[in-house]
Number of protein chains: 2
Amino acid sequence: MSSDTSGTDTREQLMAATYRVLAERGFANLTTQRVADEADCSQSLVHYHYDTKDDLVVAFLEWVHEQETEWLETLGDGSAERRLRRFVDAQLSIPADDEHARFNVAFVELAAAAARNERYRAVLTAFSERLQATLAGIVRDGIEAGEFRQVSPEATARFLRYALQGAVQADLTLDEPEAKPQTEAAVDAYVEGMLLAERD
Amino acid sequence: MSSDTSGTDTREQLMAATYRVLAERGFANLTTQRVADEADCSQSLVHYHYDTKDDLVVAFLEWVHEQETEWLETLGDGSAERRLRRFVDAQLSIPADDEHARFNVAFVELAAAAARNERYRAVLTAFSERLQATLAGIVRDGIEAGEFRQVSPEATARFLRYALQGAVQADLTLDEPEAKPQTEAAVDAYVEGMLLAERD
DNA sequence: GTCTATACGCCGATAGAC
DNA sequence: GTCTATCGGCGTATAGAC
């Protein structure tokens, strides 16, 4: 594709290193030195590619955003109900102790930091809007296909997203073993009681 | 009541100072120096009363926990539906720009930090369990009174709590103006469609 | 592009006087 | 209990050689 300067490769390594540092140490302990160590280079090289630490983090968020976009398309097709259930499962069935789960903790930390950082917030808002559009689209498809009732796709998608996010966050940050199983049960009841069209 | 040493008053001032620093600067910028400035004392005095910064934060979380407990009893009585709606409103109708709202941002930051700090997590888990017990109790009362259907009080309370928390957090941390209004609409629909007993 | 070396500030924590 | 002074460490960012 793009025959860029060789820097592209280093930047990719720095993104991957940032991912690992965040997963292992958390956002509060993310330092340019640790990223450099993880990427096997000097700390000043990080600053050569990204003027400030904030620049590094913003670039990282955009990098994750792109990767997540690819993942969303994996949701694929099938009936609206099937796609919806796949979405719910994907959120609730992340294994508890692999690197991806540990990174999710860092993502919660970054989301919190977005409140006081405009640049983080811009990327994460775009992130959230894409998720919202995808899920609302699924609900809309379901309504058009006669699978779902005439609910508001936007409000329904939001409600589900927030409930799932709250469950995941509680699972990651508190000692609350019932967070995911009870939420899964409640979501199932919600889908059956509020969303699926009666068929009789 | 307790005729304590005069230190009690200073500690109270330090808690109040911590609250203001968190609201104005956020957890990431909470320093013992800033707390001291806000409380009009020297930084070393903070360390006299709380050996480490972590001790200060844990004491602060417990202090907030107590205050919140008092507030929860304010929910008072009335029908289960009335108490439930008061609970929902209380979460969704916090004014956007006063000190309390700004502190809520810090609370989101602290909740994220709990993932990697056992002591924070212990207090915040207790916090969450109290909320869960209160809301599940309201649902249980509603079922016993015949106001609500035979749902699972725990799963229902959890689902609502997480959805509300997700909405509040999105409102505080992202540029998402629809977070609270759309969630409110979805919660109303949920209460009417899933919770309230049919009467006809 | 990548390195070593370093400036500079801030923070948590302690020592010691009053 | 409260203060001033200070230590040691760490983090971001820059200077300058290769």
Side-chain angles (χ1 to χ4, degrees), chain A residues 2-61 63 106 109-110 113 116-120, chain B residues 2-61 63 106 109-110 113 116-120:
Chain A
S2 54
S3 55
D4 270 325
T5 46
S6 65
T8 304
D9 198 47
T10 303
R11 290 169 88 102
E12 183 70 20
Q13 278 181 296
L14 288 173
M15 294 295 96
T18 302
Y19 179 92
R20 291 194 296 275
V21 173
L22 282 172
E24 283 149 32
R25 312 289 306 251
F27 179 53
N29 295 309
L30 179 78
T31 69
T32 53
Q33 180 62 64
R34 282 198 244 269
V35 171
D37 289 348
E38 191 69 35
D40 253 312
C41 69
S42 68
Q43 184 232 6
S44 68
L45 188 61
V46 179
H47 281 288
Y48 172 80
H49 287 289
Y50 304 97
D51 282 0
T52 67
K53 183 185 169 181
D54 248 34
D55 287 344
L56 171 71
V57 174
V58 170
F60 174 76
L61 287 172
W63 182 76
E109 296 162 345
L110 285 163
R116 304 187 196 257
N117 185 310
E118 275 187 35
R119 300 171 69 200
Y120 299 179
Chain B
S2 55
S3 54
D4 270 326
T5 46
S6 65
T8 304
D9 197 47
T10 302
R11 289 169 89 102
E12 183 70 20
Q13 277 182 299
L14 288 173
M15 293 295 97
T18 302
Y19 179 93
R20 290 193 297 274
V21 173
L22 282 171
E24 282 149 32
R25 313 289 307 249
F27 179 54
N29 295 309
L30 180 77
T31 68
T32 53
Q33 181 62 64
R34 283 199 243 269
V35 171
D37 289 348
E38 192 69 36
D40 252 311
C41 69
S42 69
Q43 183 229 8
S44 67
L45 187 62
V46 178
H47 281 289
Y48 172 80
H49 286 288
Y50 304 97
D51 281 359
T52 68
K53 183 185 168 182
D54 248 34
D55 288 343
L56 170 71
V57 174
V58 170
F60 174 76
L61 287 173
W63 183 76
E109 295 163 345
L110 285 162
R116 303 188 197 257
N117 185 311
E118 276 187 35
R119 298 172 71 201
Y120 299 179

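We use all heavy atoms of the structure for the numbers below, so side chains are in, but hydrogens, waters and symmetry mates are not. We name chains A, B, ... by the order of the sequence lines, and we start the count at 1 in each one.
If you take CD of B:Gln43 and P of C:dC11, they are 9 Å apart, rounded to a whole angstrom. One can place CG of A:Asp54 at 17 Å from P of D:dG11, the figure rounded to the nearest angstrom. Atom CZ of A:Arg11 and atom P of C:dT2 are 11 Å apart (whole Å). The nearest whole Å value for the distance from the CG atom in B:Asp40 to the P atom in D:dC3 is 9 Å. Residue B:Tyr48 contributes atom OH, which lies 15 Å from atom C1' of C:dG16 at whole-angstrom precision. In this structure, CG of B:Leu14 is placed 12 Å from C1' of D:dT2, rounded to the nearest angstrom. When rounded to the nearest whole Å, the span between NE2 of A:His49 and P of D:dT14 equals 16 Å.
Applying the 4.0 Å criterion to OP1 and OP2 of C:dA15, one finds that B:His47 has every side-chain N and O outside that range. Taking only side-chain nitrogens and oxygens, B:Ser44 never comes nearer than 4.0 Å to OP1 or OP2 of C:dA13.
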| Are B:Val57 and B:Tyr50 close enough, and set up right, to give a side chain to side chain contact (heavy atoms under 4.5 Å, CB included), and what steps lead you there? | CA-CA 9 Å; B:Val57 174; B:Tyr50 304 97; over 6 Å; no
| query | Between B:Asp55 and B:Arg119, is a side chain to side chain contact (heavy atoms under 4.5 Å, CB included) present by the stated rule, with each step listed? | reply | CA-CA 9 Å; B:Asp55 288 343; B:Arg119 298 172 71 201; 2.9 Å; yes
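Note on ring orientation: taking the six-membered ring where Trp is involved, the planes of A:Phe60 and A:Tyr19 are tilted (angle from 30° to 60°).
For the pair A:Leu22 and A:Ala106, the tightest heavy-atom approach, listed with the atom from each and the gap, is O-CB, 3.5 Å. Across every non-hydrogen atom of B:Gly26 and B:Glu109, the tightest pair is CA-OE1, 3.4 Å. Here the shortest heavy-atom pairing between B:Lys53 and B:Leu30 reads NZ-O, 2.8 Å.
Comparing atom distances between the A:Ser42 side chain and each of C:dT4, D:dA13, D:dC3 picks out C:dT4 as nearest. With C:dT4, C:dT2, D:dC3 as the choices, the nucleotide that has an atom nearest any side-chain atom of B:Leu45 turns out to be D:dC3. Closest contact between the side chain of B:Lys53 and the listed nucleotides C:dG12, D:dT4, D:dT2 involves C:dG12.
In this structure, A:Arg116 is not positioned above the aromatic face of B:Phe27 in the sense of NZ or CZ being under 6.0 Å from the six-membered ring centre and within 45° of the axis.
For DNA chain D, the neighbouring residues in residues 22-35 of chain A, judged by any heavy atom under 4.0 Å, are A:Leu30, A:Thr31, A:Thr32, A:Arg34.
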